[in-house]
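Worth knowing before you read on, the calculation uses all heavy atoms, side chains too, and leaves out hydrogens, waters and symmetry mates. What you see is a predicted model, and the numbers here were worked out from it, not measured in a lab.
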Amino acid sequence: MANASQCLEEGSGRWPPPAGPYSEAQRLALEELVAGGPEALRAFLRREQLPPFLSEPEVQDIARAALPPAAGPEPAAEPSAGASLDASSLTYFPERSELEPPALELGWPGFASGAFRGLTRVEPHFQPGCGDSIYGCKEAVRRQIRSARQMIALVMDSFTDTDIFTDILEACSQRQVKVYILLDQSSFSHFLKMCKDLGVDLEQEKLMRVRIITGSTYCTRSGTKIIGKVREKFMLIDGIRVTTGSYSFTWTDGKLNSSNILILSGPAVAHFDLEFRILHSRSKPINLQEFSSCKKNRVWDQLFRITVASRDMTREHFLRMEFLYLRAFVGELKRKRSWLHASREAVYSPNSTLHTSPPLTKRNGSLVMRPHWIIER
């Protein structure tokens, strides 16, 4: 049977319509996008006479999500104690892992297959709502959290609503409710900032487990990976109710955006129970110290690229380096309130390197030292 390339060469010069969900033409177009950017994608579509299949926001998202291949081979993960030592599954079933899935260490409600989970009910809520409450989705979510007695299992794309998070903290501290939270990796930094603003240390929350997840990963021939995002949004309550819909746990969804949720009970809850455990098995633990250092390293990588690109002491590059430095560290200086003092002086060293001590600037009545750069001549 002729493949897509043969059909293109022997036919009329057009790609055949895909017979299923897979399209060779679209795969090659993605290869062009990650290798050469949006312009390379458009050139490929014109050359191959293909209609555009990606919107402009999708093109930008894929270009940003593409991760280049690592410089060296990834270290092999160590198998767990209960994992099989037979490598046949890695050979014939590469999508299966030899590692044991992470345990739900806080416990999980035990329901046998087909067990009774209550009567089937469907309770819709809309926002903005009609009648007495215009914030129907947010109020319904908060009522469900307050009704929890054993467990809350949450999957969310973005979680920055302080009211809902406060309700979850109260459920942990006052009613000893166990909480599992799975968040999309791309929005976890915003959740972490919310916790910091509220003075919450996730490592001290004994009844809460927060992990990160991603969507599907698309691998190109060059080794570049395109990592998708998580769009699922649902919350399990005690294993007998589930809240799901378009509503995200953010202030804008709670006050501005139009959204809806369904509160389900009965046999349908078993499907969400299984889905959460599948997502949990794919999730990754968070390392708060490593996450903080990664954010600083990204700033320094950008700073290094600017410095290497231009060795001369131009005003444009100096200002860009100064801005990156301040963005990375002035917040820490403010929090610690330990302002540094330095004199205005310039010291020249004999090895053709100019050391410049920046002047002091006044900010909010305090003296702040501007960054100290070493510029090679």
State whether the side chain of [X] and the backbone N or O of [Y] hold a donor-acceptor pair below 3.5 Å, judged by distance alone.
X	Y	result
R117	I240	no
D238	Q150	yes
Q49	R46	no
E58	S55	yes
R282	T214	yes

Tell me, yes or no, whether the heavy-atom count around R121 atom CZ, taken from other residues, nucleotides or ligands under 6.0 Å, exceeds 12.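 It does not: R121 CZ has 12 such atoms or fewer within range.
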
Over-ring placement of K255 relative to Y135, 6.0 Å and 45° cut-offs: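 Cation-pi check for K255 and Y135: passes.
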
Test of understanding: with side chain to side chain contact (heavy atoms under 4.5 Å, CB included), list the residues that count as partners of L256, not counting sequence neighbours.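 With sequence neighbours excluded, L256 shows a side chain to side chain contact (heavy atoms under 4.5 Å, CB included) to W251, T252, given in chain and number order.
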
What closest approach, in Å, do [X] and [Y] show between heavy atoms, and which atom pair accounts for it?
X	Y	answer
T120	P267	OG1-CD, 3.1 Å
G107	Y180	O-OH, 2.8 Å
M151	G239	CE-N, 3.8 Å
A66	P68	O-CD, 3.9 Å

Taking a hydrophobic cluster as the set of Ile, Leu, Val, Met, Phe, Trp and Tyr residues connected by side-chain heavy atoms closer than 4.5 Å, whether directly or through intermediates, do [X] and [Y] fall within one such cluster?
X	Y	answer
L119	V122	no
I261	L182	no
I286	V179	yes
M156	F188	yes
L192	L198	yes

The single option from D184, T250, I164 passing side chain to side chain contact (heavy atoms under 4.5 Å, CB included) against F159: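 It is I164, the one option of D184, T250, I164 that forms the side chain to side chain contact (heavy atoms under 4.5 Å, CB included) with F159.
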
Could you give the distance from [atom1] ([X]) to [atom2] ([Y]), rounded to the nearest 0.5 Å?
X	Y	atom1	atom2	answer
I62	Y218	CD1	OH	9.5 Å
D163	I168	CG	CD1	11.5 Å
L33	T224	CG	OG1	10.5 Å
S186	D61	OG	CG	9.5 Å
I213	I181	CD1	CD1	11.5 Å
L104	S281	CG	OG	9.5 Å

SB check [X] [Y] (cutoff 4.0 Å):
X	Y	answer
E56	R42	yes
E24	R27	yes
K229	D157	no

Go through F191 and F165 one step at a time and tell me if the ring pair (Phe, Tyr, Trp, His ring centres under 6.0 Å) criterion holds. CA-CA 10 Å; F191 174 80; F165 188 58; 5.4 Å; yes

Pair V200, L169 - check side-chain contact (heavy atoms from CB on, under 4.5 Å), show working. CA-CA 9 Å; V200 176; L169 291 174; 3.7 Å; yes

Close side-chain approach of [X] to [Y], heavy-atom, < 4.5 Å:
X	Y	value
I263	V242	no
W108	R277	yes
E275	F234	yes
F249	L154	yes
P38	Q60	yes
I152	L236	no
K193	D197	yes
L41	L54	yes

Within the 3.5 Å criterion, strictly below it, is a donor on [X] or [Y] matched to an acceptor on the partner's side chain?
X	Y	value
S147	R241	yes
H125	Q127	no
S259	D253	no
K233	S246	no

